[in-house]
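In what follows, a single structure is set out as structure tokens and then discussed.
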Amino acid sequence: MRLCSASSGTGSAITGWIEYWKGECHMEDMGMTDREQATMLMDKFIDLQRIKNAADRDKEIEYQLRTTRAKLEALKIVTEDLTMD
């Protein structure tokens with residue numbers, strides 16, 4: 001596994017996240033602190049718990065997608081490039 005672009009100085013932090021999500025690099029390679037890693041993983045854990053315990057899982061998944069898409073678009077990340085077919 002190679003270094004993320006963000007930690008090697010060849011890309012942005014957002015590029016590094018996309019590489020991490022695709023499994024192309026490790027979180028440690030992104031230059032994240034332990035606290036940043038813990039915060040990100042706690043948010044992910046909470047989101048998964050919400051989906052698991054939702055009365056309507058499809059509705060909760062759509063909510064999670066909408067909120068995440070809004071966060072990405074606020075960072076000027078085109079979300080169409082991230083969707084799975």
Side-chain angles (χ1 to χ4, degrees):
M1 193 148 307
R2 66 178 175 74
L3 285 176
C4 290
S5 296
S7 63
S8 64
T10 60
S12 69
I14 300 307
T15 303
W17 272 110
I18 293 170
E19 292 170 345
Y20 168 72
W21 286 329
K22 290 181 177 178
E24 296 172 354
C25 64
H26 292 288
M27 193 180 311
E28 303 86 40
D29 297 334
M30 294 175 50
M32 294 178 67
T33 65
D34 289 344
R35 185 162 185 90
E36 289 169 326
Q37 289 179 35
T39 300
M40 191 264 318
L41 291 171
M42 187 60 126
D43 289 343
K44 186 172 186 168
F45 180 79
I46 291 167
D47 291 343
L48 291 170
Q49 287 293 318
R50 285 180 57 122
I51 293 167
K52 180 181 176 185
N53 295 316
D56 185 342
R57 285 186 179 180
D58 289 338
K59 186 175 179 180
E60 179 61 29
I61 290 169
E62 284 303 316
Y63 170 78
Q64 294 289 333
L65 287 169
R66 273 195 318 274
T67 57
T68 303
R69 187 176 298 117
K71 291 175 185 178
L72 290 168
E73 289 174 356
L75 296 169
K76 301 193 183 338
I77 298 172
V78 179
T79 58
E80 291 85 35
D81 296 344
L82 302 176
T83 56
M84 296 172 50
D85 295 325

Shortest non-hydrogen contact between R50 and E60, atoms and distance
NE-OE2, 2.8 Å
Would you give the length of the straight line joining atom CG of L72 to atom OG1 of T67, rounded to the nearest 0.5 angstrom?
9.5 Å
Only one of N53, D47, I51 clears side-chain contact (heavy atoms from CB on, under 4.5 Å) with Q49; which?
N53
Between CD1 of I46 and CG of L41, what distance do you get to the nearest 0.5 Å?
11.0 Å
Measuring from atom OG1 of T68 to atom CD of E73, what distance do you get when rounded to the nearest 0.5 angstrom?
11.0 Å
